[in-house]
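Following: one structure in structure tokens, then a few remarks.
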Amino acid sequence: MSKNYIIYTYGCQMNVHESEKIAGILSAKGYACCDDVENADVIVYNTCCVRENAEQHAFGNIGMIKKLKKAKKDLIVAVCGCMTQQKEFAEKLSSTFPYVDIVIGTFNVDKFGELLDKKLSQKKKVVEVLDSPNPICESIIPLRSSFPNAWVNIMYGCNNFCSYCIVPYVRGRERSRKAEDVLKEVKELVENGYKEITLLGQNVNSYGKDLSDGSSFAHLIDEIAKIEGKFRLRFMSNHPKDITEDVVRAIANNQHACKSIHLPVQSGSSRILGLMNRKYTREQYLSEVEMIRKIIPDCAITTDIIVGFPTETEEDFLETVSLVETVGYDGAFTFVYSPREGTVASKMDDQVSPDVKKDRIMRLVDIQNERNRQDSLKYVGKQVEILVEDYDKKKNAYMGRDERGRMAYFEFSRNLVGRFVTVEITKTGGMSLIGKVVKVED
Ligand code: 5AD
Ligand code: SF4
């Protein structure tokens with residue numbers, strides 16, 4: 001009988017894709033994926049420590065496995081991801097959850113299979129958290145789980161050291177994949193029927209700067225433009241300090257690239273941006289938005305915002321609100337600041353109280369939601385091209401997104417997942433769209 005694995009993933013798309021790589025490693029070893037933890041022979045927790053809630057969530061779940069582990073002696077419990085890359089955490093994990101069998105950091109996750117073999121051949125737990133990254137491994141074939149979208153790393157790590165962020169400490173410095181490897185992967189994915197390629201990096205605009213072959217993000221996008229077949233190209237994340245006209249023009253000229261840019265602002269107050277070490281002001285950010293809209297007039301712009309950064313006053317917060325209103329975002333991920341150990345901001349005096357943070361995030365979410373609702377209303381009566389992503393059993397309808405990222409629901413008599421369809425929008429469901437299919441692409 002084949003052995004089974006289950007992977008729990010916390011955090012961002014980067015981690016989701018890393019889990020696909022671990023799944024690839026396990027599947028190459030003959031393990032099958034299962035959805036019931038009781039049937040698993042290997043349980044992997046791919047953790048995130050970017051914000052406190054993801055960290056607590058993972059910690060709680062690892063704690064809950066104790067009973068199962070006691071009942072099933074051969075069960076292997078592995079913990080990897082950003083949390084384990086922190087030395088103090090790896091130690092805390094060993095003392096709090098002694099039944100964890102494998103602890104592996106972010107720098108050697110490509111060696112997951114070897115560490116599993118090592119564990120299977122010995123009683124002792126296996127802990128391997130490296131101080132610096134292994135060279136980029138190109139030989140892992142991910143077992144993808146997000147068809148028709150495929151995640152493609154173009155780089156790893158981050159050099160920016162925003163004062164609130166733990167990523168540079170747990171993911172190391174920027175390392176770009178060779179353009180030829182990225183292009184080969186994208187080409188194969190398109191040939192295999194994937195219809196949306198999302199390029200991943202903490203700061204995709206600095207792609208290639210660490211390579212000495214003249215690679216750049218703009219050039220990479222130009223090369224992807226030459227790949228034949230119909231597919232959508234997305235990428236995340238951009239850093240406003242590095243987005244250039246060259247990149248925006250490359251997006252504008254690329255028939256695959258969605259006219260949609262994720263441009264995390266974090267705050268609308270130049271004072272707070274300075275303390276965050278973001279290296280741009282409110283005014284510089286706004287002039288970038290203007291530049292983008294000049295080159296791509298209908299470009300959707302989405303963002304990330306943190307409220308409650310240390311010392312943030314009501315005035316600072318209102319500057320964020322006014323920036324949100326000025327830009328008119330197509331979507332915003334909003335976060336309550338959470339102090340991360342070892343970062344500069346966590347040592348600052350004047351941390352904002354939890355009540356004030358909560359109040360500010362609620363006000364901001366209300367403003368953005370209302371904006372999304374108003375934007376959705378503008379779609380009614382129009383026809384939009386949607387890439388069908390899934391069937392929503394609760395809503396009894398297919399769901400997909402338009403180029404701008406707006407979600408739409410519609411019924412249809414046969415399976416449409418992975419197809420481009422034209423949907424006439426008849427009404428809205430709050431922020432999402434509801435309509436009927438008028439054309440299915442071949
Ligand atoms: N607290 C709250 N949000 C954070 N982010 C990163 N670090 C923190 C933190 N300490 C948010 C930023 C980033 C997104 C991925 O997560 O908005 O863009
Ligand atoms: Fe964190 Fe800033 Fe790097 Fe983004 S750019 S990963 S927020 S340090």
Side-chain angles (χ1 to χ4, degrees), residues 9-18 47-57 81-83 85-86 106 133 151 153-176 198 200-207 209-210 217 235-243 261-269 272-280 285 288 301-312 317 320 323-324 329 331-348 351-352 354 356-358 360-361 364-365 368:
T9 307
Y10 306 85
C12 63
Q13 287 84 359
M14 203 77 84
N15 258 20
V16 171
H17 186 40
E18 210 150 80
T47 63
C48 170
C49 63
V50 171
R51 289 176 299 275
E52 200 180 355
N53 46 3
E55 198 172 72
Q56 281 171 348
H57 192 186
C82 300
M83 269 167 93
Q85 187 57 41
Q86 300 164 284
T106 60
W151 311 106
N153 282 112
I154 61 168
M155 59 195 300
Y156 303 89
C158 181
N159 290 356
N160 291 315
F161 289 94
C162 300
S163 64
Y164 51 81
C165 186
I166 193 118
V167 168
Y169 303 90
V170 292
R171 294 271 167 189
R173 297 298 73 74
E174 287 172 3
R175 285 126 29 229
S176 302
T198 307
L200 293 176
Q202 302 296 348
N203 177 15
V204 292
N205 307 117
S206 59
Y207 169 79
K209 285 184 183 161
D210 57 311
F217 187 53
F235 41 85
M236 64 192 314
S237 211
N238 297 282
H239 194 303
K241 80 177 169 58
D242 290 323
I243 193 154
I261 296 182
H262 186 64
L263 199 62
V265 67
Q266 312 299 0
S267 169
S269 151
I272 295 291
L273 288 170
L275 290 173
M276 285 178 162
N277 192 29
R278 290 290 288 177
K279 302 193 176 81
Y280 54 85
Y285 182 90
E288 261 165 28
I301 300 182
T302 55
T303 201
D304 292 350
I305 300 172
I306 298 175
V307 301
F309 185 83
T311 79
E312 185 188 70
F317 172 68
T320 298
L323 181 129
V324 165
Y329 288 110
F333 296 101
T334 48
F335 306 106
V336 166
Y337 166 74
S338 65
R340 305 287 68 208
E341 216 175 306
T343 60
V344 171
S346 69
K347 298 178 197 105
M348 284 172 67
Q351 299 280 331
V352 176
V356 171
K357 285 182 187 168
K358 197 170 158 201
R360 287 182 188 159
I361 192 120
L364 193 61
V365 167
Q368 186 57 40

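In each ligand, atom 1 is the first atom listed, and ligand 1 is the first ligand listed. Worth saying up front: this structure is predicted, and the values here are computed from it rather than measured.
In this structure, Arg340 and Arg51 have side chains that are not in contact, with every pair of non-hydrogen atoms separated by 4.5 Å or more. The shortest side-chain heavy-atom distance between Ile305 and Phe335 does not fall under the 4.5 Å cut-off.
Close contacts between ligand 2 and Cys158 involve ligand atoms 3 (Fe), 5 (S), 6 (S), 8 (S) [criterion: under 4.0 Å to a heavy atom]. Numbered from 1 in the order shown, with element, the atoms of ligand 2 that lie under 4.0 Å from a heavy atom of His239 read 5 (S). Every atom of ligand 1 with a heavy atom of Arg340 under 4.0 Å away is listed here by number and element: 10 (N). Under a 4.0 Å criterion applied to the non-hydrogen atoms of Phe161, ligand 2 contributes the atoms 8 (S). Short contacts between ligand 2 and Pro168, defined as distances under 4.0 Å to a heavy atom of the residue, involve ligand atoms 8 (S).
Other residues, nucleotides and ligands place no more than 12 heavy atoms under 6.0 Å from the NZ atom of Lys358.
The closest approach between Val336 and ligand 1 falls below 4.0 Å for a heavy atom of the residue. The shortest heavy-atom distance from Arg278 to ligand 2 is under 4.0 Å.
By the criterion of a heavy-atom distance under 4.0 Å, the side chain of Ile306, and not its backbone, is placed next to ligand 1. Both the backbone and the side chain of Tyr164 come within contact range of ligand 1, each with a heavy atom under 4.0 Å. Residue Ser237 does not touch ligand 2, judged by heavy-atom distances below 4.0 Å.
Between the side chains of Ser206 and Glu174, a donor-acceptor pair is found at a separation under 3.5 Å. Using modelled atom types, one finds no donor on one side chain facing an acceptor on the other under 3.5 Å when comparing Asn238 with Asn203.
Looking from atom 6 (C) of ligand 1 to the surrounding protein, the closest heavy atom is Val50 CG1, 3.4 Å. Residue, atom and distance of the protein heavy atom nearest to atom 17 (O) of ligand 1 are Gln266 OE1, 2.7 Å. From the protein, the heavy atom lying nearest to atom 7 (S) of ligand 2 is Tyr164 OH, 3.3 Å. In terms of protein heavy-atom proximity, atom 11 (C) of ligand 1 is closest to Arg51 NH1, 3.4 Å. Counting only heavy atoms of the protein, atom 5 (S) of ligand 2 lies nearest to Asn160 ND2, 3.4 Å. For atom 2 (Fe) of ligand 2, the nearest protein heavy atom (residue, atom name, distance) is Cys162 SG, 2.3 Å. Among all non-hydrogen protein atoms, the one lying nearest atom 1 (Fe) of ligand 2 is Cys165 SG, 2.3 Å. In this structure, the protein non-hydrogen atom closest to atom 4 (Fe) of ligand 2 is Gln202 O, 4.4 Å.
Considering backbone and side-chain atoms alike, Ser338 places an N or O below 3.5 Å from some N or O of ligand 1. At least one N/O-N/O distance between Asp304 and ligand 1 falls below 3.5 Å.
The main-chain N or O of Tyr10 is found under 3.5 Å from a side-chain atom of Asn15 such that the two form a donor-acceptor pair. Checked by atom type and distance alone, the side chain of Thr320 pairs as donor or acceptor with a backbone atom of Gly268 at under 3.5 Å.
Of all heavy-atom pairs spanning Ile306 and Glu312, the tightest one is O-OE2, 4.1 Å. When all heavy atoms of Cys162 and His239 are compared, the pair lying nearest together is SG-NE2, 4.3 Å.
If you take OG on Ser176 and CE on Met155, they are separated by 4.5 Å, rounding to the nearest 0.5 Å.
Cation-pi geometry between Arg171 and Tyr156 is not met: the NZ or CZ atom fails to fall both under 6.0 Å from the ring centre and inside 45° of the normal.
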| field | Steps toward ring-ring contact (aromatic ring centres under 6.0 Å, His included) verdict (His262, Phe333) | value | CA-CA 10 Å; His262 186 64; Phe333 296 101; 5.8 Å; yes
